[in-house]
Amino acid sequence: PLDKPHVLARTDAAMCEFTDNHFILQGAFWFLFPFTTSLPTGTLSQPFSRYLLTHYSNRYARCHELLFLLADQYRRHKTATGVCARVRAQPNAMADVKRLIVSDGFAERLAAASREPQSKHAAALMHELAPLLDVCGAAVPWGNVE
């Protein structure tokens with residue numbers, strides 16, 4: 001018997017998959033992890049995912065929702081860790097990037113471009129940033145290029 005009940009409460013606050021994934025898994029799949037308090041935090045490693053999917057009871061491998069969540073998390077987390085913005089190898093590029101970011105109105109321009117990515121304002125901002133930055137990416141598992 002348990003000394004105290006394991007309570008998973010709903011809140012209005014969003015949970016971060018990178019730090020609170022164990023809470024997400026316990027809350028969403030309480031029927032698969034009823035007494036578990038020792039799930040790894042953060043992104044599940046491939047060996048741990050393999051352990052779950054080859055568990056003797058086969059309960060994790062038969063849960064389609066868990067399979068889709070794990071596959072989607074794996075794809076999104078690999079994308080997030082594989083994409084970066086790198087300042088081009090130009091002598092003054094870093095100073096130019098810093099100057100642009102701290103300039104008056106940059107945050108507002110960036111927010112407006114984010115809201116309307118097809119606008120003239122977004123194109124102008126992209127025209128300023130593109131010569132200074134390289135956006136790099138890694139191969140994304142199950143991505144559209146693979």
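In what follows, every heavy atom counts, from backbone to side chain, and hydrogens, waters and symmetry copies are set aside. Keep in mind that what you see is a predicted model, and the values were worked out from it rather than measured.
- Contact annotation: the side chain of Leu25 approaches that of Leu69 to within less than 4.5 Å [non-hydrogen atoms, C-beta and beyond].
- Taking a 6.0 Å sphere around CZ of Phe68, one finds it holds 12 or fewer heavy atoms contributed by other residues, nucleotides or ligands.
- Within a 6.0 Å sphere centred on CE of Met126, heavy atoms belonging to other residues, nucleotides or ligands number 12 at most.
- To the nearest 0.5 Å, atoms CD (Glu65) and CG (Leu32) are separated by 9.0 Å.
- For Thr54, the side-chain hydrogen bond (donor to acceptor under 3.5 Å, both in side chains) criterion is met by no residue, not counting sequence neighbours.
- Using a distance-only test at 3.5 Å, with no hydrogens or angles considered, no donor-acceptor pair links the side chain of Ser49 to the main chain of Gln46.
- In the hydrophobic clustering of ILVMFWY residues, with side-chain heavy atoms under 4.5 Å counting as a link, Phe31 and Leu66 come out together.
- Within the model, atoms CG of Leu100 and CD of Glu128 stand 5.5 Å from one another, a figure rounded to the nearest 0.5 Å.
- Follow the hydrophobic side-chain contacts under 4.5 Å out from Ile101 and you reach Leu129 in the same cluster.
- In this structure, CZ on Arg75 lies 13.0 Å from CG on Leu70, to the nearest 0.5 angstrom.
- Surrounding CG of Asp104 are at most 12 heavy atoms belonging to other residues, nucleotides or ligands under 6.0 Å away.
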- Please step through side chain to side chain contact (heavy atoms under 4.5 Å, CB included) for the pair Leu110 and Leu125, ending with a clear verdict. CA-CA 8 Å; Leu110 186 62; Leu125 185 60; 3.8 Å; yes
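- When all heavy atoms of Ala122 and Pro117 are compared, the pair lying nearest together is CB-O, 3.4 Å.
- Note that CG of Leu44 is 10.0 Å distant from CD of Glu17, once rounded to the nearest 0.5 Å.
- Here the CD-NE2 distance, from Glu116 to His121, works out to 7.5 Å after rounding to the nearest 0.5 Å.
- Remark: Tyr51 OH is loosely packed, at most 12 non-hydrogen atoms of other residues, nucleotides or ligands lying under 6.0 Å away.
- Arg59 CZ: more than 12 foreign heavy atoms inside a 6.0 Å radius.
- Both Leu52 and Phe29 belong to a common hydrophobic cluster when Ile, Leu, Val, Met, Phe, Trp and Tyr are linked at side-chain heavy-atom distances under 4.5 angstrom.
- Taken to the nearest 0.5 Å, the CG atom of Leu67 stands 11.5 Å off from the CZ atom of Arg62.
- Criterion: ILVMFWY side-chain heavy atoms under 4.5 Å apart, direct or through other members. Under it, Phe33 and Phe48 are part of a common hydrophobic cluster.
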